Amino acid sequence: MSTDLLSFDCRFQYGQGFTLESAFALPPGISVLFGPSGSGKSTCLSLIAGLLRPDAGAIRLCDTTLVDRGSGLWVPPHRRRLGMVFQDHLLFPHQTIRRNLGYGMASRDDNGTRLAQVVEMLDLGGLLDRYPGQLSGGEQRRVALGRAMLSEPQLLLMDEPLTGLDEAMRDRILHHLHQAHERLGVPMLLVSHDQVVVRRMAGHVVVLEEGRVVDQGPAHETLDRATTRTMASHPGPINLLRVEEVRRSGDHHEGVIAGQRFHLAGPIAPDSTTVYVRCLPRDVALLIGEVSRISMRNHLVGTIRDLIHIPGDHRALVAVDVGQLIWVEVTDSACRELGLAIGVRVTCLIKALATDVVG
Amino acid sequence: MSTDLLSFDCRFQYGQGFTLESAFALPPGISVLFGPSGSGKSTCLSLIAGLLRPDAGAIRLCDTTLVDRGSGLWVPPHRRRLGMVFQDHLLFPHQTIRRNLGYGMASRDDNGTRLAQVVEMLDLGGLLDRYPGQLSGGEQRRVALGRAMLSEPQLLLMDEPLTGLDEAMRDRILHHLHQAHERLGVPMLLVSHDQVVVRRMAGHVVVLEEGRVVDQGPAHETLDRATTRTMASHPGPINLLRVEEVRRSGDHHEGVIAGQRFHLAGPIAPDSTTVYVRCLPRDVALLIGEVSRISMRNHLVGTIRDLIHIPGDHRALVAVDVGQLIWVEVTDSACRELGLAIGVRVTCLIKALATDVVG
Amino acid sequence: ASEDPGRESGEVLVLAAASTQDVLQRLADLLRERGGPVMTISAAGSNALAQQILAGAPGDIYLSADPLWVQEIANAGHAAETVPLLGNDLVLVVPAENRADVREPGDLLSDRVRHVALAGEEVPAGRYAEQALRALGLWDTLSGSGRVVRGQNVRLTLAYVERGEVDAGIVYATDAAAAPSVRVVHTFQREDYPPVVYPLVLTTRGRDNPAAAAVFAFLQSPEARAIFAEHGFHPLAAP
Amino acid sequence: MTGWWLTPPEWQAIRLSLLVAFWAVVIFLPPATVLGWWLARRDFWGKTAVDTVLNLPLVLPPVVTGYLLLVMLGRQGVIGRPLDQWLGVEIVFTWRAAALASGVIAFPLMVRAIRVAMLGLDTRLEQAALTLGAHPVRVFFTITLPLARHGLIAGGVLGFARSIGEFGATIMIAGSIPGETRTMPLYIFGIMESPNGIARAQGMVIVSILIAAGALIVGQVIENRSHRQAGGPKR
Amino acid sequence: MTGWWLTPPEWQAIRLSLLVAFWAVVIFLPPATVLGWWLARRDFWGKTAVDTVLNLPLVLPPVVTGYLLLVMLGRQGVIGRPLDQWLGVEIVFTWRAAALASGVIAFPLMVRAIRVAMLGLDTRLEQAALTLGAHPVRVFFTITLPLARHGLIAGGVLGFARSIGEFGATIMIAGSIPGETRTMPLYIFGIMESPNGIARAQGMVIVSILIAAGALIVGQVIENRSHRQAGGPKR
Ligand SMILES: Nc1ncnc2c1ncn2[C@@H]1O[C@H](COP(=O)(O)OP(=O)(O)OP(=O)(O)O)[C@@H](O)[C@H]1O
Ligand SMILES: Nc1ncnc2c1ncn2[C@@H]1O[C@H](COP(=O)(O)OP(=O)(O)OP(=O)(O)O)[C@@H](O)[C@H]1O
Ligand SMILES: [Mg+2]
Ligand SMILES: [Mg+2]
């Protein structure tokens with residue numbers, strides 16, 4: 001208990017509506033709240049930051065109790081020393097970017113160098129004397145991030161801090177956040193939907209669904225399980241394959257997917273040379289070794305990149321990289337018999353008729 | 001000219017600041033504005049929607065001139081029949097979600113079925129009688145999307161319509177947008193930073209940088225070139241590899257990357273079984289065929305997934321899939337001599353000392 | 001509500017100086033009991049009433065506390081007939097407890113007196129009070145002492161005295177009589193200031209209203225004069 | 001407290017005050033809304049002049065405002081003369097004149113309240129409505145006004161309260177005619193002239209206070225109802 | 001226009017009016033700000049009562065308000081008597097009384113303007129400031145007040161203008177003492193009692209208008225300066 005960075009165990013209800021009822025503990029380091037839209041992630045952050053008061057339960061940060069409805073203890077938000085990046089930024093519209101950034105900064109221990117570092121890291125150089133209304137969406141998000149970081153929090157809460165940023169910027173900031181974490185040891189709790197971000201950043205992941213913690217643990221395992229869960233409850237992924245160099249060949253069309261021949265069925269606009277083809281995972285079969293004579297016309301060879309057993313369903317979803325990623329649904333027994341595993345080379349067999357040319 | 005859906009050729013300056021000076025033409029279908037944060041994407045959409053007035057130039061939609069500073073022509077925004085999804089939603093806070101969704105709907109041709117379809121598609125069922133202030137960030141974004149779609153626009157402008165949504169929801173909406181496009185033929189222009197979204201959605205991509213069009217064309221080629229450009233101007237990608245099953249082995253540690261052995265250098269916390277290792281692309285070498293005796297201790301076998309020639313730089317970035325993706329920087333000549341190409345199996349050689357254990 | 005209450009048949013709109021409101025109301029009640037014309041009284045400051053007449057507002061009869069304004073409307077051709085109807089006395093009043101011990105005008109200069117209230121310079125009561133004090137040789141010293149407070153009208157002046165905010169005030173005898181909590185300590189000699197006159201005017205609009213003529217006559221009748229006198233006014237001799 | 005059981009003339013004054021204040025608000029709030037919006041949004045040459053004229057009833061003593069109204073609306077006035085000659089309508093000394101005077105006096109207060117609300121409003125929401133194909137007029141009524149509702153409510157409440165208390169301009173242009181124009185303040189003024197007036201005015205003062213409380217409660221109720229929509233901590 | 005060259009008493013009245021209005025705003029705007037914030041944010045038992053009391057000067061004829069002030073602050077009053085007896089301070093019939101009367105009359109206007117602005121404000125910005133470790137008092141001064149600046153400006157301008165025009169309560173509690181309490185409205189009202197008063201008052205009426213225009217321009221300038229910050233079409 002005492003080694004946890006944060007222990008959270010709260011119930012909170014919006015009026016008569018959504019109820020959050022979750023308990024989790026975060027180890028020191030970087031953690032991620034993960035879960036579908038509307039699952040209560042922002043609500044969690046608000047509770048931790050003290051912007052909402054739980055109906056029951058308690059939140060502890062290190063050795064400090066932030067709120068405990070049992071004993072009536074309550075630390076007001078401004079004494080919690082938590083930096084928060086809001087989903088919608090909430091920059092102060094009447095202050096310049098410089099003043100926004102400096103708002104939470106304890107002025108005593110700073111002679112501009114920390115501000116300069118953050119400005120450099122977030123590439124905000126030319127914007128300091130503008131007002132938030134004069135920034136682009138991504139610029140606003142970066143300012144919000146910088147403002148929270150400069151407040152020297154004991155814990156940095158970030159609600160989707162990197163969405164709306166281009167990949168280069170995202171990578172750069174991720175890198176810097178990592179550095180900041182290593183150098184200054186600032187623990188972070190972030191909300192993100194982006195698996196790249198999560199897998200790269202997080203040590204610990206908490207998965208929320210409909211206000212409840214459905215899973216938590218080390219990042220990779222937890223995310224793999226999460227993907228599985230989503231797929232179990234969801235119609236599942238739909239393959240969308242890009243077929244290039246399409247040309248007529250006798251009574252049908254054919255093209256190329258990542259260097260491999262692909263047969264198309266159905267009408268195709270005469271001047272298209274690139275089309276998209278949609279097929280369902282269950283319409284794809286897998287084969288190991290040489291292709292035998294078979295009625296399935298399309299054979300795409302690739303490597304298994306991912307393999308997800310769907311619990312209680314005796315199914316598995318296999319991601320095969322044939323140059324493009326193809327999801328294949330197989331039974332658990334087929335999976336065992338064929339010895340499917342990540343890295344195994346397989347051939348995907350797709351019936352041309354089962355595909356659907358998109359355009 | 002007349003086959004273009006939209007032709008855009010404008011100059012616009014914010015006060016004394018940022019200047020947009022761009023010209024592009026969009027074919028019918030789905031197009032994407034792509035570019036780093038602050039490059040002028042939202043500004044473009046505002047100009048098309050008539051929320052900003054260009055300083056010079058003209059915008060034409062199909063056969064209609066929306067604005068032409070030369071002739072003084074100006075169609076006010078409410079007559080442009082463009083649906084816009086704003087980066088920050090801009091839902092009407094005083095109206096229920098139902099009324100928000102219905103705001104732009106021409107009441108005559110609707111008896112609730114279209115509303116019902118959109119509600120179903122965006123999974124907004126339980127939210128109709130709430131107010132925007134009572135929704136989560138992702139829910140707000142979906143309402144904004146639905147509101148624009150229901151206004152039956154001639155062109156749907158969407159500023160990052162899918163950020164902040166979980167992957168399942170994103171895929172589902174992408175699918176529906178595609179369908180909407182096919183069924184109703186609504187052309188779309190969207191802003192996105194998400195290559196997945198762009199590659200899946202777009203027929204045409206316009207790349208903006210600092211207010212100028214630096215590239216445009218069919219989606220895939222353009223995006224590949226864009227990635228290249230970013231990499232040329234940017235420090236480039238940094239490899240972050242996940243090493244599992246770490247254990248001590250004599251004087252050093254070793255672990256496993258996607259089934260292949262990996263040697264680690266440097267201090268490692270005693271109880272870590274999984275660590276991350278960072279290395280720069282230029283510190284990785286490629287080998288084809290058998291591994292000869294060599295001082296580089298780490299050999300990871302994989303397939304080339306991507307190969308990007310950086311123009312004017314005699315360098316190429318190669319993406320090798322060894323179970324995880326590794327970026328490798330090689331010279332153009334090495335690239336030619338080794339015959340590197342997408343799909344070729346190679347071995348990545350990494351000096352243990354060149355790596356950097358992250359945690 | 002009619003467009004023009006003053007000219008409804010049998011109705012007479014009397015524009016009355018505020019200080020005559022009560023007595024006129026009594027006369028109006030009397031008239032109504034007898035089945036005579038209905039008098040509607042609109043009370044305000046004499047200046048406001050005159051402005052209304054000048055602007056062409058309906059109004060059959062004007063009982064003014066200020067002859068200057070009557071002159072003004074006569075000059076503008078709005079007066080059909082004018083008679084000086086009432087007179088009044090100026091009195092020196094003190095609060096009930098009279099802590100400054102003011103007994104006669106000369107005491108106004110004593111050190112015990114902090115404030116003396118007079119009506120405004122431009123209203124008759126103020127003008128006349130000033131002249132009365134001047135006649136007694138008190139004005140220059142008093143006005144130089146900074147202890148003069150001007151209430152706008154007589155009523156406000158009286159309110160200061162009633163509340164004990166001032167140590168003395170000069171008002172009309174009629175007003176003083178209506179304020180039970182003040183004490184009249186001195187009545188100024190009528191020779192010391194111009195006569196206080198309340199002229200009664202039949203306006204040009206009233207001339208066309210037969211009922212107005214009847215009311216105009218009634219207000220000058222001996223019966224009316226007796227009632228005016230009961231309220232402390234001096235009915236003036238008919239010209 | 002002698003006047004607790006109100007006399008018929010007192011009831012008359014109360015009824016009249018309510019009538020006058022009601023119409024002052026009903027007639028003047030719509031133009032105040034448009035003007036408040038205009039002043040908040042547009043910058044034009046002569047804006048200060050418009051603003052000054054509109055605020056005159058606030059800076060000038062009400063009697064002066066009343067006098068100016070009287071001069072304009074009297075039978076000899078620029079507006080009064082044609083009204084009288086062509087339509088046979090006389091405004092002076094009617095309750096309509098009282099409503100007009102109250103409205104004019106309260107007008108700058110209404111405009112200001114609405115202007116403040118309009119200035120605090122996010123104009124991008126209006127832009128969003130435009131992109132949805134709504135005509136600017138529809139945008140004004142469905143987006144701008146509801147979002148500026150605090151200002152409208154405040155304008156209404158302020159205007160009503162100010163009208164209930166209006167004295168100086170009213171007595172000038174409407175006189176003090178029992179049952180027609182003698183509103184509560186005029187009534188109070190009247191009885192304060194007579195013996196024991198202060199004491200006799202107490203009943204009316206209390207009624208004024210009750211009416212004010214009523215108006216404020218109504219405003220608060222409307223505000224609360226519309227406020228509930230803002231919901232929890234999110235926008 | 002006889003009075004274009006202003007006479008010394010007129011200059012005195014102008015100076016006094018400016019002094020009185022200035023102090024009325026300076027003294028009453030801060031409590032109006034706090035009260036406006038409080039009424040906008042808090043819901044508490046008795047809120048309507050507070051609101052009613054504070055709005056009384058609006059609903060009651062100013063003379064009545066003045067009379068009530070006189071009763072409280074006069075030599076015999078509950079507040080005035082101890083002040084007079086223990087401190088030897090006399091308020092009634094001084095320019096301070098005029099400032100007080102003007103302030104009290106203008107107070108509900110200031111509170112309303114500020115309240116409207118506070119209601120239009122996004123409270124989540126204050127929450128954001130709290131999470132940055134700012135004490136609630138700092139949040140109030142650095143976030144709440146600047147964001148409600150339209151209301152503060154409007155409150156100041158309204159209060160100043162209303163004070164410049166205030167007559168009824170001032171004459172009641174401050175009397176009309178040349179050089180001490182005879183402000184412009186009192187001066188104007190006074191000379192309007194005489195038949196040639198209108199002509200003589202013209203100069204002062206014009207000065208009133210100029211002062212109003214000046215106050216409005218100052219308000220507009222402050223507003224424009226702060227408005228520029230809002231920037232282009234984005235928030
Ligand atoms: N109102 C404004 N005044 C001055 N500059 C502005 C204003 N709005 C935007 N800018 C600047 O114009 C540039 C382009 O802004 P725009 O919003 O179009 O970018 P964007 O491409 O949409 O970026 P993002 O992906 O971050 O949303 C930015 O550098 C921004 O700082
Ligand atoms: N003020 C409110 N009143 C009522 N319900 C609310 C309120 N705020 C949020 N909710 C509901 O609570 C649930 C959780 O909201 P929350 O903002 O925590 O979701 P989230 O996980 O952050 O989602 P997203 O990824 O879309 O931002 C949602 O279903 C939302 O509709
Ligand atoms: Mg959220
Ligand atoms: Mg943008």
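Nothing here was measured: the structure is a model prediction, and the numbers come from that model. In what follows, every chain begins at residue 1, and chains take the letters A, B, ... in the order their sequences are listed.
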Open item on the list: Heavy-atom cut-off 4.5 Å, strictly under: side chain, backbone, both or neither for E:Phe93 against chain C?
Closed with: side chain
- [ ] Decide, yes or no, whether a salt bridge links C:Glu162 with C:Arg155 under the criterion of side-chain N to carboxylate O below 4.0 Å.
- [x] yes
- [ ] State whether a side-chain donor-acceptor pair under 3.5 Å links C:Tyr62 with C:Ser64.
- [x] yes
Open item on the list: Which one wins on heavy-atom pair count under 4.5 Å against chain C: E:Gly175, E:Ser194, E:Gly190, E:Gly179?
Closed with: E:Ser194
Task: Part of E:Glu180 lying under 4.5 Å from any heavy atom of chain C - done: neither
TODO: Determine the interplanar angle of the E:Phe107 and E:Phe28 rings, folded into 0 to 90°, and report it as parallel if under 30°, tilted if 30 to 60°, perpendicular if over 60°.
DONE: perpendicular
Task: Interchain contact, C:Val148 with chain E, by part (heavy-atom threshold 4.5 Å) - done: backbone
TODO: Let me see the working for C:Leu108 and C:Leu92 under side-chain contact (heavy atoms from CB on, under 4.5 Å), right down to the final yes or no.
DONE: CA-CA 10 Å; C:Leu108 294 180; C:Leu92 179 65; 4.1 Å; yes
Task: Residue C:Gln51 versus chain E: region with a heavy atom under 4.5 Å - done: side chain
TODO: Please look at C:Asn153 and chain E and tell me whether the side chain, the backbone, both or neither of the residue comes under 4.5 angstrom of a heavy atom of that chain.
DONE: neither
- [ ] Starting at CG of E:Asp51, measure out to CZ of E:Arg115 and round the result to the nearest 0.5 Å.
- [x] 4.5 Å
TODO: For residues C:Val94 and C:Ala168, report the shortest heavy-atom separation together with the two atoms involved.
DONE: CG1-CB, 4.1 Å
Open item on the list: Could you check whether C:Asp89 pairs with C:Arg190 (Lys NZ or Arg NE/NH1/NH2 to Asp/Glu carboxylate O, under 4.0 Å)?
Closed with: yes
Task: Atom group of C:Glu121 that falls short of 4.5 Å from chain E, counting heavy atoms - done: side chain
Task: Cationic N near anionic O, under 4.0 Å, E:Glu10 to E:Arg200 - done: no
Task: Interface moiety of C:Arg147 toward chain E, non-hydrogen atoms closer than 4.5 Å - done: neither
- [ ] Among C:Leu68, C:Ile73, C:Asn47, single out the residue with the greatest number of heavy-atom pairs under 4.5 Å to chain E.
- [x] C:Asn47
TODO: Mind ranking E:Ile177, E:Val92, E:Val63 by heavy-atom pairs under 4.5 Å with chain C and telling me who comes out on top?
DONE: E:Ile177
Task: Residue among C:Ala50, C:Gly120, C:Gly164, C:Ala159 with most heavy-atom pairs under 4.5 Å to chain E - done: C:Gly164
Open item on the list: I need the residue from C:Arg127, C:His115, C:Glu72 with the largest number of non-hydrogen atom pairs under 4.5 Å to chain E.
Closed with: C:His115
